[in-house]
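Each chain gets a letter, A, B and so on, in the order its sequence line appears, and its residues count up from 1. The shown structure was predicted, so the numbers you read here are calculated from the model rather than taken from an experiment.
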Number of protein chains: 2
Amino acid sequence: MSEHIHAHEKLTKNQTLVMDALANADGPLSAYTILDQLRGNGFRAPLQVYRALDKLLDSGLVHRLESLNAFVACRHDDCTDHEQTVFMICETCGKVSEIADKALTQHLQKMASASQFSLTKATIELRGRCKACKTV
Amino acid sequence: MSEHIHAHEKLTKNQTLVMDALANADGPLSAYTILDQLRGNGFRAPLQVYRALDKLLDSGLVHRLESLNAFVACRHDDCTDHEQTVFMICETCGKVSEIADKALTQHLQKMASASQFSLTKATIELRGRCKACKTV
DNA sequence: ATTGTAATGTTATGTTATTACATTGTTGTG
DNA sequence: CACAACAATGTAATAACATAACATTACAAT
């Protein structure tokens with residue numbers, strides 16, 4: 001259960017509960033949805049979720065989708081490059097796929113350099129309709 | 001005042017007030033900051049701001065920065081391509097610059113196509129330190 | 001004038017996130 | 001063991017962001 005290839009320290013109880021909730025979801029979850037799912041496990045306040053999320057985000061096990069105010073478990077084996085992941089969010093089914101694209105990353109880095117901007121993090125979220133939903 | 005080269009219909013009173021607030025700001029503003037700035041002009045409720053913003057976003061005069069929950073006036077002469085703008089957000093001074101990059105747009109479009117994903121809109125927000133803040 | 005529509009106003013509420021502070025648990029050291 | 005130090009958790013309150021539902025006003029077209 002909740003074994004990941006990511007390099008990370010052992011998770012605490014709350015971090016594990018939040019991680020499992022996200023790993024078992026088939027789409028992004030909001031912090032409050034996670035809270036509701038974990039009430040049976042003793043969660044009572046948003047902070048319990050947000051604190052766990054902070055840690056999981058730091059370690060790259062979880063990504064935050066800025067345009068949805070929601071969170072997804074990272075589906076990559078190795079998230080060392082998680083700062084430069086592209087998310088494709090289907091507006092029909094709500095599912096999210098995650099792509100790491102080296103060329104895109106380099107292109108963004110070049111754009112930033114051209115403006116003498118030191119790039120720390122890139123948020124790239126595409127909206128549209130996924131393959132499965134198009135064929136319906 | 002508030003003359004733009006953008007093609008758009010005439011703005012209403014509230015839309016003009018919100019547009020001017022954003023155009024005169026030197027960085028992104030939250031909806032509630034705009035509300036506070038416009039209290040002297042009769043604004044009393046968030047909805048007055050959000051309604052105006054909806055229209056301004058539709059017409060491309062204003063962009064929403066998802067990672068900040070804030071809004072900026074478009075600095076481009078022509079925002080027909082505003083769906084694919086890259087924002088560089090300085091985490092030191094808070095200023096935002098806006099770049100339209102055709103090659104990047106094409107690259108994203110290719111990535112989407114490769115996954116058979118119909119791309120509707122791209123959110124691209126870079127975080128880091130701008131030229132001015134680096135030299136300080 | 002009257003009617004239809006767009007814009008605006010108002011109140012309440014829903015959703016997302018943080019601050020501040022108290023308590024418990026765990027680890028290492030004398 | 002005792003106990004200090006720190007990490008993790010618990011709890012309450014509130015801040016920040018956004019929308020729903022409904023009432024009113026403004027204004028153009030006939």
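- The 5' end of DNA chain C is approached more closely, in terms of each residue's nearest nucleotide, by B/Phe43 than by the other of B/Phe43 and A/Tyr50.
- Per the geometry, NZ belonging to B/Lys10 stands 13 Å off C1' belonging to D/dA28, to the nearest Å.
- If you check every strand for non-hydrogen atoms under 4.0 Å, B/Arg51 touches a base.
- Atom pair B/Leu35:CG and C/dT10:P shows a separation of 12 Å (rounding to whole Å applied).
- Between C/dT15 and A/Ser30, no contact under 4.0 Å exists linking OP1 or OP2 to a side-chain N or O.
- Each of B/Gln48 and A/Asn69 has a nearest nucleotide on DNA chain C; the 5'-most of these lies closest to B/Gln48.
- At a threshold of 4.0 Å, the pair B/Glu66-B/Arg64 counts as salt-bridged, since one of the basic side-chain nitrogens sits closer than that to a carboxylate oxygen.
- Put simply, the side chain of B/Gln48 never gets that close to the backbone of B/Asn14: no donor and acceptor are under 3.5 Å apart.
- Here D/dT19 presents its C1' atom at 13 Å from CZ of B/Arg64, a figure rounded to the nearest Å.
- When all heavy atoms of A/Val72 and A/Gly27 are compared, the pair lying nearest together is CG1-C, 4.2 Å.
- Between B/Leu68 and B/Leu47, the residue whose closest nucleotide on DNA chain D is further toward the 5' end is B/Leu68.
- Spacing between atom CG of A/Leu17 and atom C1' of D/dG10 amounts to 15 Å, rounded to whole angstrom units.
- The separation between A/Asp54 atom CG and C/dA17 atom C1' is 10 Å, rounded to whole Å.
- In this structure, the CZ atom of B/Arg39 is 12 Å from the P atom of C/dT10, given to the nearest Å.
- You'll find the side chain of B/Leu108 reaches within 4.5 Å of the side chain of B/Ile124, heavy atoms only.
- Taking 4.0 angstrom as the limit, A/Arg44 places a side-chain polar atom (N or O) nearer than this to OP1 or OP2 of D/dT11.
- Salt bridge absent: B/Lys55 and B/Asp58 never bring a charged side-chain N and a carboxylate O closer than 4.0 Å.
- The side chain of A/Lys13 approaches D/dG10 more closely than any other nucleotide in the set C/dT18, D/dT19, D/dG10.
- In this structure, A/Tyr32 packs face-to-face on the six-membered ring of C/dT16, meeting both the 5.5 Å centre cutoff and the 30° plane limit.
- Between B/Asn14 atom CG and D/dT24 atom P the separation is 19 Å, expressed in whole Å.
- Distance, A/Gln15 CD to D/dG10 C1': 15 Å, rounded to whole Å.
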